[in-house]
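Below you'll find the structure, written out as structure tokens, and then a few comments.
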Amino acid sequence: MTVKWRTNPDEQMLRDTVKRIGNDFGPSYFLAKARKHEHTAELWQTAADAGLVGVNLPEEHGGGGMGITELAVVAEEFAASGSPLMMIVVSSAICGSVIARFGDAEQRTAWLPAMSAGESIFAFAITEPDAGSNSHALSTHARRDGDGWVLRGQKYYITGVDVADRILVVARTGTDEDGHGQLSLFVVDTDAPGLRKEPIPVALTLPERQYTLYFDDVRLDDDRLIGEAGDGLRQVFTGLNPERILGAALANGVSRYALDRAAEYANQREVWGVPIGSHQGLAHPLAEAFVQVELARQMTSVAAREYDEGENAAMASNVAKLAAADAAMLSVDRAMQAHGGNGFAEEYGIAEFWSLARFLKTAPVSREMVLNFVAERGLGLPRSY
Ligand SMILES: Cc1cc2nc3c(=O)[nH]c(=O)nc-3n(C[C@H](O)[C@H](O)[C@H](O)COP(=O)(O)OP(=O)(O)OC[C@H]3O[C@@H](n4cnc5c(N)ncnc54)[C@H](O)[C@@H]3O)c2cc1C
């Protein structure tokens with residue numbers, strides 16, 4: 001059960017559709033894939049066939065013509081059914097939003113229908129070893145070469161490159177008078193000559209692998225540049241707010257999954273002749289987590305609505321992401337505690353979601369960078385870095 005605020009019949013129908021598909025596959029399907037780091041291809045295709053993967057993409061390009069609000073519902077409900085799909089965040093939310101808004105007619109026609117149909121998945125590459133959270137310091141650069149570009153540099157922790165056919169890459173194409181990078185966005189094929197991909201072993205139970213990417217003079221035609229050269233920072237923020245909102249939605253779904261499992265277990269398990277859920281020492285921590293999750297869901301919805309209405313959704317997106325990630329950590333931790341020793345058993349499918357909940361505290365934007373933003377923009381405090 002969740003709080004039923006603002007749910008209209010269309011949203012409820014969407015939630016029910018996702019829930020039905022999610023439950024058909026179930027957490028055991030997802031976890032079996034995640035343990036082997038294998039793509040959830042069957043679930044992805046079923047979701048795409050039902051119009052869910054491209055629900056936010058324009059109708060004329062095969063999408064659902066809806067917004068980030070609906071995509072967040074899709075991500076949350078899949079996660080709540082035990083299948084948190086990271087590539088919905090990366091491909092549909094970030095790359096789909098950017099291409100739909102800044103791609104020209106040919107680029108939109110070339111890439112969005114395949115993305116909506118589930119035939120094409122995009123990865124997104126901004127993070128670099130030497131720049132980290134400081135996007136102004138990116139050193140991957142693209143230089144003009146005849147009528148195209150040559151891309152050189154390195155990215156790391158890039159999710160899902162093995163399942164993607166293309167990567168939206170943020171690169172420097174110039175420097176402004178303050179020394180900040182002028183950024184541009186390029187679409188690079190994952191099998192482009194000059195691109196080397198090295199998996200990074202990470203302790204996360206997720207289907208998606210992470211990669212270090214080496215761009216060694218990757219040649220790109222001019223039609224691989226999205227929008228205007230040098231306008232990449234503005235464009236990328238079109239993708240980063242959806243990324244935060246979708247990260248929050250994913251966290252909210254994981255929270256609901258964990259609390260549902262915990263409530264089920266706490267109603268059944270008897271140790272002193274009554275269900276363990278009748279002990280307030282166990283019930284209240286779960287109830288407190290429930291409250292935090294509902295607050296996070298509310299803020300996620302506000303952020304999605306602001307974004308869809310064309311407002312600057314940065315504050316709401318950041319607040320939602322931090323609140324949702326914290327609530328997910330709390331929910332999974334308390335769900336594990338409610339399960340006692342079984343909280344660690346693969347059979348109960350709880351502990352393995354801890355790594356995802358914990359990951360959402362660090363990425364797509366770290367807790368500290370969110371708090372920097374809130375301190376500066378929300379409270380008017382001096383910039384600390
Ligand atoms: C599993 C996984 C998947 C990822 N997928 C992608 C992807 O698909 N594409 C992509 O581009 N990136 C991806 N990332 C990268 C992710 O977005 C970054 O790891 C994250 O933004 C933090 O950057 P960093 O690792 O460079 O940390 P750093 O910037 O080195 O920061 C290290 C620590 O210092 C803190 N810190 C840094 N600056 C400040 C400051 N000014 N004030 C206070 N604290 C500060 C940070 O919050 C963090 O806690 C992924 C990461 C992981 C782990």
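Atoms within each ligand, like the ligands themselves, are counted from 1 in listed order. In this text the structure is predicted, and so the values were computed from the model without any measurement.
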- Message: Which protein residues come within less than 4.0 angstrom of ligand 1, counting heavy atoms only?
- Response: Phe124, Ala125, Ile126, Thr127, Gly132, Ser133, Tyr156, Tyr157, Ile158, Thr159, Leu204, Gln210, Phe359, Thr362, Ala363, Pro364, Ser366, Glu368, Met369, Asn372, Tyr385
- Answer with yes or no after comparing the ring centroid distance for Phe25 and Phe30 against a 6.0 Å cut-off, counting only values under it. no
- Message: Salt bridge or not between Glu311 and Arg305? Use side-chain N to carboxylate O under 4.0 Å.
- Response: no
- So does Arg144 pair up with Asp222, basic N to acidic O under 4.0 Å? yes
- Say you draw a straight line from CZ of Arg209 to CG of Asp162; how long is it, rounded to the nearest 0.5 Å? 6.0 Å
- Would you find more than 12 non-hydrogen atoms of other residues, nucleotides or ligands less than 6.0 Å from Arg219 atom CZ? yes
- Please determine if Asp216 and Arg196 form a salt bridge, counting it only when a charged side-chain N lies under 4.0 Å from a carboxylate O. no
